[in-house]
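Following: one structure in structure tokens, then a few remarks.
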Amino acid sequence: MREGNRSMKRLVVGVSGSSGVIFGVRLLEVLRTIPEVETHLILSKGARLTLQLETDRTTQDVAALADVVHDHANLAASVSSGSFPVYGMVVAPCSMKSLAQIALSLGDNLLARAADVTLKERRKLVLVPRETPLHLGHLRHMVALAEMGAVILPPAPSFYHHPQTIMDMVDQTIGKILDQFEIPHTLFKRWGGHDA
């Protein structure tokens with residue numbers, strides 16, 4: 001575990017239980033290489049199950065990528081309070097259940113509570129919903145969250161950078177997340193314009 005200090009950007013990374021757990025894992029892998037970022041991980045019960053179903057990683061493997069790991073049920077954790085300074089929070093992937101809990105300010109688990117605190121403190125909250133198609137209830141929750149200041153960032157790949165692998169497409173989404181926090185990266189080739 002790296003020691004936290006005031007010059008570091010503290011980011012809370014929530015991983016909830018929808019398909020696409022690789023987005024949370026890859027985000028942690030990339031952030032691990034950036035010494036100026038301290039990560040606080042919250043893994044939901046559903047995320048732990050999805051991790052087994054979709055990857056060859058264990059919960060311990062993923063926890064080892066974070067600087068601090070919080071119990072999903074611990075509402076007394078540091079990140080449950082606005083007085084604990086963090087730069088922002090990402091939920092990747094964000095299940096529709098977690099998205100609804102955050103939109104409704106339910107705060108009945110640490111992931112939803114930390115996201116609620118992020119919003120009330122006017123810090124950046126980036127949600128990576130991984131569901132399709134979407135019904136009106138999903139869309140209404142997304143609208144409510146956008147109105148509260150959250151960034152809705154679906155993992156929608158672009159193809160102008162000619163991705164060769166699935167990880168190329170995953171990395172583009174991770175790069176878009178890092179852009180939200182002004183963290184430099186070279187995870188994908190940016191659009192440079194086209195002369196017709």
Side-chain angles (χ1 to χ4, degrees), residues 1-4 8-74 77-80 86-99 101-102 109-115 118 125-132 151-157 161 163-181 183-188:
M1 178 185 302
R2 292 177 287 181
E3 290 295 324
M8 293 184 101
K9 286 185 178 180
R10 276 195 187 120
L11 278 182
V12 181
V13 177
V15 182
S16 65
S18 70
S19 183
V21 72
I22 190 63
F23 291 107
V25 174
R26 182 64 179 144
L27 177 61
L28 287 166
E29 286 176 343
V30 172
L31 291 175
R32 186 74 184 162
T33 68
I34 304 172
E36 297 80 18
V37 175
E38 178 183 286
T39 53
H40 287 246
L41 173 64
I42 306 169
L43 271 174
S44 75
K45 184 178 176 182
R48 292 170 189 268
L49 176 60
T50 309
L51 196 62
Q52 295 174 23
L53 297 173
E54 296 187 348
T55 76
D56 57 0
R57 308 291 183 91
T58 66
T59 299
Q60 292 74 25
D61 293 337
V62 176
L65 296 171
D67 294 296
V68 180
V69 180
H70 299 281
D71 186 327
H72 186 246
N74 182 13
S78 56
V79 295
S80 70
V86 301
Y87 194 62
M89 179 173 180
V90 181
V91 183
C94 185
S95 70
M96 289 302 109
K97 177 182 176 183
S98 291
L99 189 133
Q101 289 171 329
I102 298 165
N109 60 65
L110 185 59
L111 190 150
R113 171 62 187 166
T118 303
L125 174 64
V126 176
L127 303 175
V128 183
R130 224 302 313 155
E131 184 65 88
T132 192
V151 174
I152 308 296
L153 196 153
H161 61 108
Q164 302 296 307
T165 67
I166 291 172
M167 288 310 294
D168 288 343
M169 292 190 280
V170 169
D171 274 356
Q172 192 217 4
T173 293
I174 302 306
K176 299 291 267 185
I177 294 169
L178 297 182
D179 285 349
Q180 290 295 316
F181 294 96
I183 297 174
H185 66 86
T186 56
L187 292 173
F188 65 91

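The figures that follow rest on heavy atoms only: side chains count, while hydrogens, waters and symmetry mates do not. Since this is a predicted model, take the numbers as computed values, not measurements.
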- Query: In Å, rounded to the nearest 0.5 Å, how long is the span from CD of Gln101 to CG of Leu111?
  - Reply: 8.0 Å

- Message: Could you check whether any side-chain heavy atom of Leu153 comes within less than 4.5 Å of a side-chain heavy atom of Gln180, counting everything from C-beta outward?
- Response: yes

- So, the side chain of Lys9 versus the backbone of Phe181: is there a donor-acceptor pair under 3.5 Å, distance only? yes

- Side chain proximity check, Val37 to Tyr87, heavy atoms < 4.5 angstrom: no

- Is the closest side-chain heavy-atom distance between Arg48 and Leu51 below 4.5 Å? no

- Item | Backbone of Thr58 reached by a side-chain donor or acceptor of Asp61 within 3.5 Å | yes

- Test item: Arg57 side-chain N/O and Val62 main-chain N/O as donor-acceptor pair under 3.5 Å: no

- Message: I want to check something: taking the side chain as every heavy atom from C-beta on, are Leu31 and Leu178 in contact at a cut-off of under 4.5 Å?
- Response: yes

- Message: Measuring from atom CG of Leu49 to atom CG of Leu43, what distance do you get when rounded to the nearest 0.5 angstrom?
- Response: 12.0 Å

- Message: Just so I know, are the side chains of Val128 and Leu27 near enough to count as touching, which here means a heavy-atom distance under 4.5 Å?
- Response: no

- Query: So does Arg32 pair up with Glu29, basic N to acidic O under 4.0 Å?
  - Reply: no

- On a heavy-atom basis, the closest approach of Ile152 and Pro129 is CG2-CG, 3.9 Å

- Is the backbone of Cys94 close enough, under 3.5 Å, to the side chain of Ser98 for a donor and an acceptor to pair up by distance? no

- Message: Is there a side-chain contact between Arg113 and Ile42 in this structure, where contact means two heavy atoms from C-beta onward sitting under 4.5 Å apart?
- Response: no

- Contact check, side chains of Met89 and Ile102, non-hydrogen atoms, under 4.5 Å: no

- Query: Among all residues two or more places apart in sequence or in another chain, which pass the ring-ring contact (aromatic ring centres under 6.0 Å, His included) test with His72?
  - Reply: none

Distance-only criterion, 3.5 Å: show the donor-acceptor pairs between side-chain atoms of residues 15-25 and protein atoms not counting sequence neighbours.
{"unit_1": "Ser16", "atom_1": "OG", "unit_2": "Pro93", "atom_2": "O", "d": "2.9"}
{"unit_1": "Ser16", "atom_1": "OG", "unit_2": "Ser95", "atom_2": "N", "d": "2.8"}
{"unit_1": "Ser19", "atom_1": "OG", "unit_2": "Glu54", "atom_2": "OE2", "d": "2.6"}

- Query: Rounded to the nearest 0.5 Å, what separation is found between the CG atom of Leu41 and the CG atom of Asp71?
  - Reply: 11.0 Å

- Message: Tell me whether the rings of Phe188 and His161 are parallel (<30°), tilted (30 to 60°) or perpendicular (>60°).
- Response: tilted

- For residues 42-62, the ring-ring contact (aromatic ring centres under 6.0 Å, His included) pairs (sequence neighbours left out) are none

- Query: More than 12 non-hydrogen atoms from neighbouring residues, nucleotides or ligands closer than 6.0 Å to CG on Leu53, yes or no?
  - Reply: yes

